[in-house]
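These notes are about the structure you will find just below.
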Amino acid sequence: MKIAKSPATATANHERDRRARAAIAAALFCAFALYIAWHASHESQTRPIDELPMSTARGDDTSIPNADVDKSDLIKRGAYLTRVGDCAACHTADPGRPFAGGRSISTPFGKIYTPNITPDPDTGIGQWSDTDFVRALHEGIGKAGERLYPAFPYVEFTRMTEQDMLAIRAYLNTLAPVHYRPPANELRFPFNQRWLMIVWNLFNFNEGRFVPDPKQSPQYNRGAYLVEGLAHCEACHTPRNFMQGLKTTERFSGATQAGWQAYNITPDRTSGIGNWSDDALIAYLSTGIAAGHASAAGPMADVVQHSTQYLKYEDLRSIVAYLRALPPVSGGVTRPRDAWGMPAADDITSLRGTAVTTVSGLQLFAVNCASCHRWTGEGVGGNVLGALPSLIHNSVVGAPSPDNLAMVILHGVRRQTKDSDMLMPAFADELNNEQVAAISNYVTKRFGNPQATLTADQVAALRAQPQ
Ligand code: HEC
Ligand code: HEC
Ligand code: HEC
């Protein structure tokens with residue numbers, strides 16, 4: 001039975017609704033005003049690059065296109081820039097369908113599948129105008145005006161010149177169209193509401209082209225243009241706030257990416273890469289190995305394989321010049337990651353005649369790792385390209401966090417470059433969490449940073465990270 005409302009209650013309800021509507025309208029108005037104010041303040045800081053002469057803007061005046069430039073040069077430049085931006089890495093799920101998307105990107109809010117960016121008219125971006133394309137990369141807005149998610153690094157790409165974007169577009173237009181529709185995103189409510197990105201952008205997105213610093217060298221400016229923009233190094237190396245926006249106060253000081261630590265790459269001498277030579281940094285970015293410092297595994301192996309190995313020497317030098325000039329950020333450690341360890345001398349003799357147990361780190365190391373890294377940890381062939389690497393003076397083994405070591409044991413290393421094809425097998429199926437923890441603890445104690453210890457539960461959490 002329905003109970004009729006008294007006229008007094010109806011009026012009170014009506015009044016409450018009216019007040020609620022007024023409050024919502026006022027809140028929306030405030031948000032809008034805040035949005036306008038925010039934009040106004042940001043616009044005054046960043047002068048659009050399109051007003052600047054291109055040579056100044058790009059910090060590189062060797063390959064500027066002009067009206068009568070040969071189209072094939074434009075496409076070649078576009079192909080190069082597409083590598084710098086590492087577009088293929090995210091937009092390729094199946095190597096047989098390059099740039100057709102479908103690769104899943106895990107975020108704390110669910111899974112996003114990358115779109116098809118081949119020129120297919122139905123499933124790709126064949127029907128996009130150049131303006132649509134530039135708007136997506138500069139503003140994070142899709143063809144239908146929808147907000148794009150920042151798993152697409154438009155927060156960095158916005159720094160890029162329009163000319164460079166159009167070169168990329170010219171190259172993408174030459175790709176074979178692939179008719180493939182990637183799966184729909186699997187995002188939880190409310191993150192599946194694209195319009196919410198308006199609020200996110202308000203706090204975390206600073207739209208605007210790169211503005212060169214006239215006090216710095218052209219080399220520095222070119223490096224800044226690449227690192228802050230197209231090469232989007234910050235997407236992994238800068239820590240994020242609770243909204244997953246970049247923390248602008250601790251730029252390049254290290255962050256976690258799918259369970260991997262993307263280390264501090266500021267010039268701090270103990271927490272960053274201040275003790276690396278320029279040549280070591282260039283070797284790392286172009287081959288994945290810097291002797292006596294580090295080799296690239298996990299997401300960084302992909303960056304080297306798909307992007308930085310193809311960079312011109314001058315561009316690598318510029319990137320290094322820029323990284324060197326960043327404000328150093330101290331992580332509070334006392335010794336650089338790559339300055340730990342000495343060869344194990346006598347461990348192996350202590351094994352003779354002892355019963356094999358399942359969780360002795362030393363025994364597990366001898367059985368699973370020593371064939372390649374030697375029981376002394378020194379590897380085979382020195383810490384150079386193509387060698388089986390030494391675990392001593394290796395940033396993963398000396399890092400204050402053992403996470404990357406556990407990830408390397410679980411997932412192995414795969415890095416293909418022009419010069420070599422590095423392969424370390426994955427042990428995720430062979431070793432349980434307790435065994436991975438035991439090996440990791442043995443390796444850090446014996447060859448690296450003994451404070452970096454790991455429990456089986458921590459390994460379980462790392463194992464659960466989608467790759
Ligand atoms: C770190 C991964 C990543 C990289 C690198 C990346 N993208 Fe994307 N891109 C994405 C994701 C994820 C989306 C989808 C965002 C969404 O659905 O809101 C996307 C969306 C796009 C879109 C919009 C397509 C559509 O149908 O809405 C374009 C265009 C695009 N990317 C081009 C590029 C280009 C060009 C590059 C290289 C310069 C690039 N992307 C590099 C992850 C990436
Ligand atoms: C997709 C995420 C990602 C991107 C993008 C990325 N990095 Fe990395 N980077 C990592 C991870 C993860 C590591 C640790 C690799 C390892 O443990 O072997 C790393 C390691 C490094 C190291 C070695 C640090 C050390 O002490 O071992 C350098 C140098 C570096 N990155 C520079 C760069 C530069 C320069 C860029 C931009 C051109 C870049 N990275 C872009 C994830 C990334
Ligand atoms: C079949 C040979 C082989 C075996 C077995 C092997 N590794 Fe490796 N390991 C490699 C190769 C190759 C690399 C990659 C070298 C490079 O990146 O240039 C590597 C790299 C590493 C790195 C450096 C990763 C980085 O990002 O710097 C560590 C740490 C490591 N291995 C530990 C282990 C441990 C622990 C085991 C045993 C569970 C093991 N490896 C078993 C061949 C092997």
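Whatever order the structure lists them in is the order used to number ligands and atoms, beginning at 1. Remember, it's a predicted structure, so these values are computed and weren't measured experimentally.
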Heavy-atom distances under 4.0 Å are what count here, so tell me which part of Tyr113 touches ligand 1: side chain, backbone, both or neither.
neither
Using a plain distance cutoff, I'd like to know if Asn394 has any nitrogen or oxygen under 3.5 Å from a nitrogen or oxygen of ligand 3.
yes
Looking at non-hydrogen atoms alone, which of Leu311, Asn275, Asn404 comes nearest to atom 17 (O) of ligand 2?
Asn404
What atoms of ligand 1 come within less than 4.0 Å of a heavy atom belonging to Cys90?
1 (C), 2 (C), 3 (C), 4 (C), 5 (C), 42 (C), 43 (C)
Any side-chain to backbone donor/acceptor pair from His91 onto Pro115? Under 3.5 Å, distance only.
yes
What residue and heavy atom of the protein are closest to atom 10 (C) of ligand 1, and at what distance?
Phe152 CB, 3.4 Å
Please tell me if the side chains of Arg335 and Asn449 come closer than 4.5 Å, counting only heavy atoms from C-beta onward.
no
Run the numbers for me: atoms of ligand 3, each under 4.0 Å from some heavy atom of Leu405, listed by number.
29 (C)
Heavy-atom contact under 4.0 Å between Ser295 and ligand 2?
yes
Ala297-ligand 2 polar pair, N/O distance under 3.5 Å
yes
What atoms in ligand 3 come closer than 4.0 Å to a heavy atom of Met422?
12 (C), 15 (C), 16 (C), 18 (O)
Closest candidate by heavy atom, reference atom 27 (O) of ligand 1, pool Trp128, Phe157, Phe99:
Trp128
Would you find a donor on one side and an acceptor on the other, under 3.5 Å apart, between the side chain of Glu207 and the backbone of Glu139?
no
Hey, is the main chain of Ala280 close enough, under 3.5 Å, to the side chain of Ser277 for a donor-acceptor pair?
yes
Hey, what's the ring geometry for Tyr442 with Phe365, parallel, tilted or perpendicular (30° and 60° as the breaks)?
tilted
Is Ala296 near ligand 2, meaning one of its heavy atoms is under 4.0 Å from it?
yes
For His232, atoms of ligand 1 separated by under 4.0 Å from a heavy atom:
5 (C)
When you look for heavy atoms under 4.0 Å from ligand 1, do you find them on the side chain of Asp86, its backbone, both, or neither?
backbone
Which residue holds the protein heavy atom closest to atom 12 (C) of ligand 2, what is that atom called, and what is the gap in Å?
Gln261 O, 3.6 Å
Can you tell me how far NE2 of His237 sits from CD of Glu250, rounded to the nearest 0.5 angstrom?
15.5 Å
Nearest non-hydrogen protein atom to atom 36 (C) of ligand 1, with distance, is Cys87 SG, 2.8 Å
Grab the two heavy atoms, one from Ala452 and one from Thr444, that are nearest each other, plus how far apart they are.
O-OG1, 3.0 Å
Matching residue for Leu230 among Thr82, Asp86, Thr161, Ile168 - test: side chain to side chain contact (heavy atoms under 4.5 Å, CB included)
Ile168
Hey, is ligand 1 close enough to Arg194 that some N/O pair sits below 3.5 Å?
yes
Which ligand 3 atoms does Asn368 reach within 4.0 Å, using its non-hydrogen atoms?
5 (C), 37 (C), 41 (C)
Atoms of ligand 3 less than 4.0 Å from Val397 heavy atoms?
29 (C)
What residue and heavy atom of the protein are closest to atom 29 (C) of ligand 2, and at what distance?
Leu281 CD2, 3.7 Å
To the nearest 0.5 Å, what is the distance between OG1 on Thr114 and CD1 on Ile105?
6.0 Å
Using 0.5 Å steps for rounding, measure from the OG atom of Ser330 to the CZ atom of Arg269.
13.5 Å
Report the part of Ala235 in contact with ligand 2, treating N, CA, C, O as backbone and CB onward as side chain, heavy atoms under 4.0 Å; options are side chain, backbone, both, neither.
neither
Could you say whether the N/O atoms of Arg415 and ligand 3 ever approach to under 3.5 Å?
yes
Can you tell me how far apart CH2 (Trp128) and CZ (Arg169) are? Round to the nearest 0.5 Å.
8.5 Å
Using modelled atom types only, decide if a donor and an acceptor are shared between the side chain of Asn116 and the backbone of Val178 within a distance under 3.5 Å.
yes
In terms of residue, atom name and distance, what is the protein heavy atom nearest to atom 22 (C) of ligand 2?
Tyr284 CE2, 3.3 Å
Rounded to the nearest 0.5 angstrom, the CG-SG distance for Leu137 and Cys87 is 7.5 Å
Is it the case that the side chain of Ser440 and the backbone of Val436 share a donor-acceptor pair, with hydrogens and angles ignored and the cut-off at 3.5 Å?
no
Where is the nearest protein heavy atom to atom 37 (C) of ligand 2: which residue, which atom, and how far?
Cys233 SG, 1.8 Å
Heavy-atom nearest neighbour of atom 28 (C) of ligand 3 within options Val396, Thr417, Leu391, Asp421
Leu391
Tell me, with the steps shown, if Phe447 and Trp340 meet side-chain contact (heavy atoms from CB on, under 4.5 Å).
CA-CA 7 Å; Phe447 309 114; Trp340 289 90; over 6 Å; no
Between His232 (side chain only) and Tyr154 (backbone N and O only), is there a donor and an acceptor less than 3.5 Å apart?
no
For Pro115, which part has a heavy atom under 4.0 Å from ligand 1: side chain, backbone, both, or neither?
side chain
Show which atoms of ligand 3 fall inside a sub-4.0 Å distance from at least one heavy-atom site of Ile289.
18 (O)
Is the Phe191 to Tyr149 ring centre distance short of 6.0 Å?
no
Answer side chain, backbone, both or neither: which part of Asp338 comes under 4.0 Å from ligand 2, heavy atoms only.
neither
Closer than 3.5 angstrom, by distance alone: can the side chain of Arg103 be matched with the main-chain N or O of Ala89 as a donor-acceptor pair?
yes
Output the distance between atom CG (Asp419) and atom CD (Gln309), rounded to the nearest 0.5 Å.
7.0 Å
Can you find an N or O of His237 that's nearer than 3.5 Å to an N or O of ligand 2?
yes
Honestly, for Arg337 the part within reach of ligand 2 (heavy atoms, under 4.0 Å) is side chain
Can any side-chain N or O of Asp130 pair as donor or acceptor with the backbone N or O of Leu166 at less than 3.5 Å?
no
Which segment of Pro153 sits under 4.0 Å of ligand 1 when only heavy atoms are counted:
side chain
Going by the order shown, which atoms of ligand 3 are within less than 4.0 Å of some heavy atom of Ile409?
35 (C), 38 (C)
Any heavy atom of Ser395 under 4.0 Å from ligand 2? The part involved is side chain
Treating Arg337 as the side-chain partner and Ser271 as the backbone partner, does any N or O pair qualify as donor plus acceptor under 3.5 Å?
yes
Find all atoms of ligand 3 within a distance of less than 4.0 Å from any non-hydrogen atom belonging to Leu423, and give their numbers and elements.
12 (C)
Which is it for Ala294 and ligand 2 at heavy atoms under 4.0 Å: side chain, backbone, both or neither?
side chain
Closest candidate by heavy atom, reference atom 6 (C) of ligand 1, pool His91, Glu156, Arg147, Met197:
His91
Atom 8 (Fe) of ligand 2 to Cys236: any N/O/S contact under 2.8 Å?
no
Best match, Glu430, His373, Met300, Arg414: closest heavy atom to atom 8 (Fe) of ligand 3:
His373
